[in-house]
> 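Dumping the structure here so I can ask a few things about it.
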Amino acid sequence: MAITGRPKVSVIGAGHVGSTLAMRIAEAALADVVLVDIVEGMPQGKALDLSQSRPVVLNDVSIVGTNDYADIAGSDMVITTAGVPRKPGMSRDDLIEINGKIAVTMAENIKKYAPDAFIIQVANPLDAITYVISEITGTPKNKIMGMAGVLDSSRYRFFIADALGVSVKDVQGVVLGGHGDTMVPLPRFTWVGGAPLPDVMPADQIEAIVERTRKGGAEIVGLLKTGSAYYAPSAGAFEMAKAIIKDEKRILPVAAYLNGEYGISGLFVGVPVILGKDGIEKIWQLPLSDEELSALKNSANHVKALVDKVNELGILG
Ligand code: APR
């Protein structure tokens with residue numbers, strides 16, 4: 001069912017990703033925003049600061065900060081960003097125990113207060129945390145998804161555009177798989193001004209960009225030293241939220257629950273989907289080669305190992 005009237009989007013976690021995302025949503029006047037965090041005063045302060053920019057950036061949405069999960073009631077969409085970011089040297093997977101427990105809190109509150117909301121999940125490790133939230137909320141699989149493929153593809157497209165000296169607007173490309181070192185950038189499905197990437201860039205340069213994309217988040221963690229990326233991650237979540245709210249029918253890579261598509265079952269893994277008013281309206285099947293498919297399955301196996309760890313650790317209770 002389509003969202004009617006002015007949408008309400010709750011963003012859980014008012015840290016770097018959450019507050020930047022709230023700003024993107026408000027500045028596009030996409031929805032009213034509720035920012036939730038456990039730190040007292042912080043989401044309220046950020047919401048007030050954002051509200052005070054409204055007469056200058058000119059939007060009429062409401063932006064509310066709160067420590068009370070009850071305020072997410074009636075949300076059309078909840079975007080989950082609460083979690084600890086990694087430190088230099090850590091992998092996203094190292095966050096599973098701490099962020100898994102935070103995810104349980106988020107999920108229990110979504111189930112209690114906003115059970116009908118679409119869920120876009122952003123906290124890391126992305127695919128396994130999406131599994132945790134899905135298990136607890138029981139949200140229909142078309143309405144829950146993780147944000148990573150849009151981010152990974154955006155990093156990949158930026159590196160290509162930058163290397164070739166062309167506009168980012170003219171580079172189309174997709175990264176599949178889990179949001180980690182096993183992600184699968186697809187040069188064969190990457191186009192620069194209509195030309196296939198392998199025709200306009202030497203293989204060793206493509207391989208270097210693929211590798212840099214896989215390590216794209218870690219490169220930023222290493223530079224920032226405290227915290228991880230948030231401008232590009234929030235842009236990715238915003239693009240997905242907009243595609244659903246505006247019923248755009250975008251084909252975007254998201255962590256979607258697979259039921260045999262691409263030969264993968266029972267896992268959230270990054271694949272292209274059609275995103276519109278019903279959330280994931282269709283899994284988009286790319287004609288992958290055997291080699292590409294096996295890279296995707298390898299990535300899915302990695303996600304499966306992390307999901308097994310979630311169960312071993314008893315995170316779901
Ligand atoms: N409920 C609500 N908010 C919480 C909870 C909770 N149970 N636990 C922690 N938080 C809040 C923190 O208080 C903090 O403000 O989540 C926020 C996280 O913000 P940052 O530390 O700035 O982290 P950020 O960079 O936004 O990353 C958040 O997204 O990209 C991923 O790997 C990243 O998992 C991390 C998440």
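All ligand and atom numbering here is 1-based and tracks the order in the structure.
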> Any idea which part of N124 is under 4.0 Å from ligand 1, heavy-atom wise: side chain, backbone, both or neither?
both
> Using heavy atoms and a 4.0 Å limit, tell me yes or no: is G227 in contact with ligand 1?
no
> Do the side chains of E211 and R214 get close enough for a salt bridge, i.e. N-O under 4.0 angstrom?
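Result for this pair is yes, salt bridge flagged.
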> Which bit of M42 is near ligand 1, meaning a heavy atom under 4.0 Å away: side chain, backbone, both or neither?
side chain
> Between D32 and R6, is there a salt bridge with N-O shorter than 4.0 Å?
yes
> What part of N99, side chain from CB on, backbone N/CA/C/O, both or neither, has a heavy atom under 4.0 Å from ligand 1?
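N99 to ligand 1: side-chain contact only, backbone stays beyond 4.0 Å.
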> Quick one, V303 and I264 - any side-chain contact, counting heavy atoms below 4.5 Å?
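When only atoms from C-beta onward are counted, I264 and V303 do not touch, as no gap falls below 4.5 Å.
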> Decide if the gap between the ring center of Y69 and the ring center of Y113 is smaller than 6.0 angstrom.
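That pair fails the under 6.0 Å test.
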> Considering only protein heavy atoms, which is closest to atom 2 (C) of ligand 1, and at what distance to one decimal place?
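For this ligand atom, the closest protein heavy atom is Y69 OH, 3.3 Å.
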> Could you tell me whether A82 approaches ligand 1 through its side chain, its backbone, both or neither, with non-hydrogen atoms closer than 4.0 Å?
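The answer is both.
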> In terms of side-chain geometry, is the basic nitrogen of E97 or K309 positioned less than 4.0 Å from the acidic oxygen of its partner?
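So E97 does not pair with K309 through a salt bridge.
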> Between D94 and R92 (salt bridge meaning N to carboxylate O under 4.0 Å), is one present in this structure?
no
> So, does L126 sit close enough to ligand 1 that a heavy atom of it is under 4.0 Å from the ligand?
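Distance cut 4.0 Å: L126 fails for ligand 1.
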